[in-house]
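Input: a single structure, listed below in structure tokens.
Side-chain atoms are counted along with the backbone in the values below, which use heavy atoms only and exclude waters and symmetry mates. Residue numbers start from 1 in every chain, and the chains themselves are labelled A, B, ... in the order their sequence lines are given, proteins ahead of strands.
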Number of protein chains: 2
Amino acid sequence: MSTPGRGLHGRVLDTLGPAITAGEYPPGSVLRTDELAQQFDVSRSVMREAVRVLESMHLVASRRRVGVTVRPKHEWNVYDPQVIRWRLAGADRPHQLRSLTVLRSAIEPVAAGLTARNATAEQCAELTECALGMVANSRGHKLDQYLIHDIAFHRIILTASGNEMFARLGDVVAEVLAGRTHHDVMFADPDPPAVTLHVRVAEAVRAGDSARAEELTREITVGALQELDILVP
Amino acid sequence: MSTPGRGLHGRVLDTLGPAITAGEYPPGSVLRTDELAQQFDVSRSVMREAVRVLESMHLVASRRRVGVTVRPKHEWNVYDPQVIRWRLAGADRPHQLRSLTVLRSAIEPVAAGLTARNATAEQCAELTECALGMVANSRGHKLDQYLIHDIAFHRIILTASGNEMFARLGDVVAEVLAGRTHHDVMFADPDPPAVTLHVRVAEAVRAGDSARAEELTREITVGALQELDILVP
DNA sequence: GTGACATATAAGTCTGACTTTTTATGGCTG
DNA sequence: CAGCCATAAAAAGTCAGACTTATATGTCAC
């Protein structure tokens with residue numbers, strides 16, 4: 001899915017990043033570049049590059065004569081896709097999943113409203129196709145195929161809105177949807193009403209009915225939120 | 001406001017980052033690390049660290065035997081505060097300001113709704129204080145003092161919501177509000193109705209009226225959006 | 001106690017040599 | 001001429017070592 005092993009510094013990040021975001025090093029902890037370089041058996045230059053990346057994510061701060069100190073959680077760049085992936089892979093996955101689902105419930109309805117205004121004919125067609133694909137795979141344990149169409153659907157909503165900030169959340173939503181299907185529960189087929197809602201959103205967008213698209217999408221995201229409430233109370 | 005000149009690589013980023021986000025190097029352009037190092041008169045190691053940071057922001061991709069290629073805009077980490085600052089300082093500032101204001105209009109109402117549920121007594125007090133501070137400075141060209149309270153108000157809404165993703169947008173909103181006051185227009189005192197809305201939001205939060213807090217905040221952000229429509233049609 | 005000064009420490013910087021990967025090239029063969 | 005493989009070249013990637021700079025902290029005089 002992502003970009004693994006793009007050089008030595010990348011491999012260092014693959015273990016150091018998750019460790020930090022998992023809270024293994026409590027905020028305020030000091031790391032020494034030289035020590036880390038020894039631990040990971042890489043040169044100082046490589047370790048320095050890794051630290052620079054962590055610094056740009058605001059996970060750590062590097063100060064002379066002190067070392068590399070871990071920053072408190074509330075300063076992290078929590079929108080960095082890399083950080084999101086690390087946290088989703090770690091211990092506070094449930095907490096992170098909830099935060100992101102709440103975020104979805106704020107963004108997607110507004111995005112759908114804009115999409116109803118701005119979507120091209122082609123995007124409308126794709127959207128409808130995705131919704132139909134969801135219907136077609138909503139019964140008979142074809143969850144993988146269902147998921148693919150579900151992700152595509154929401155990605156189109158976000159990109160067709162014409163707002164770049166919304167569009168960039170496509171990957172995040174994909175991650176959340178995939179996480180729900182694979183990790184957590186959802187053994188059974190998806191709820192029929194939820195599937196129908198997607199079809200109706202596609203209709204509303206095609207009709208250019210902004211308010212309805214927004215309201216229907218809100219129902220979808222609220223449903224996702226309630227589903228999460230049931231699973232993780 | 002930010003963290004200027006944290007080392008040589010930081011100074012390189014201060015000019016290379018804005019240049020890239022401004023579109024000076026069109027997507028697909030190739031940069032050579034060694035050439036850049038010469039241009040900026042720094043060592044290769046320093047330039048490599050700078051490139052690593054740009055890479056982690058998805059502004060560029062570094063590939064062997066090819067060079068450092070500039071990525072298309074739609075792949076950038078547009079939520080990175082640094083990237084946002086660079087773009088706000090550049091040519092497409094109006095476009096960026098609009099994107100962020102639309103984002104606000106999606107996030108803040110939902111955040112306010114959650115804040116009405118979750119805010120502590122202390123946070124309620126602070127919120128009221130901010131609203132009153134806005135009222136007190138809403139007349140007589142005391143825009144700077146008004147802005148300070150305005151920023152604090154919205155920051156509390158976002159953090160008191162209890163959602164970390166919302167909380168992290170505090171800086172972004174601050175940047176947008178500051179930008180509106182300083183750069184663009186707003187010579188006159190702020191609109192009295194807008195000021196009143198803030199007071200009423202504080203009241204709703206204090207009363208724990210989630211739906212009302214959400215709706216009133218929506219009015220605020222929609223107003224901000226319309227104001228932008230008038231200025232930049 | 002307060003202030004000036006010395007010292008130690010860890011990040012920061014530079015340089016040069018070497019390795020690795022990937023692309024282009026050019027000649028060979030069918 | 002087309003297709004293929006060996007070769008070379010180019011640029012990033014890695015490493016090691018020496019040196020610089022900022023700064024936290026401890027020491028000493030007052």
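Scanning for salt bridge (Lys or Arg N to Asp or Glu O under 4.0 Å) contacts around A:E35 gives A:R32, with sequence neighbours left out. Looking at residues two or more places apart in sequence or on another chain, you find no side chain to side chain donor-acceptor pair (under 3.5 Å) involving A:T33. The salt bridge (Lys or Arg N to Asp or Glu O under 4.0 Å) test applied to B:D171 returns B:R155, B:R168, not counting sequence neighbours.
Straight-line distance from the CZ atom of B:R11 to the P atom of C:dG12: 13 Å, rounded to whole Å. Here D:dA9 presents its C1' atom at 14 Å from CZ of B:R32, a figure rounded to the nearest Å. The distance from atom CD of A:E35 to atom P of C:dA10 is 8 Å, rounded to the nearest whole Å. Taking atom CG of residue B:D34 and atom C1' of nucleotide D:dA10, one finds them 11 Å apart after rounding to whole Å.
Looking only at atom types and distance, the side chain of A:S99 has a donor-acceptor partner in the side chain of B:E164 under 3.5 Å away.
Between C:dA10 and A:T33, no contact under 4.0 Å exists linking OP1 or OP2 to a side-chain N or O.
Of the residues in residues 36-56 of chain B, B:R48, B:R52 come within less than 4.0 Å of DNA chain D through at least one heavy atom, sorted by number.
Tested against A:H9 for a side chain to side chain donor-acceptor pair (under 3.5 Å), the candidates B:R48, B:E49, B:R52 yield a single pass: B:R52.
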Whether each nucleotide of nucleotides 20-28 of chain D has a protein heavy atom under 4.0 Å at its base (B), only at its sugar-phosphate (S) or at neither (-) is summarised, 5' to 3', as -BSBB----
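For the pair B:E55 and A:R6, the salt-bridge criterion is not met [side-chain N within less than 4.0 Å of a carboxylate O].
Annotation: A:Q38, atom CD; neighbour count of heavy atoms from other residues, nucleotides and ligands within 6.0 Å does not exceed 12.
Annotation: salt bridge (charged side-chain N to carboxylate O under 4.0 Å, His left out) contacts involving residues 109-138 of chain B, sequence neighbours excluded, are absent.
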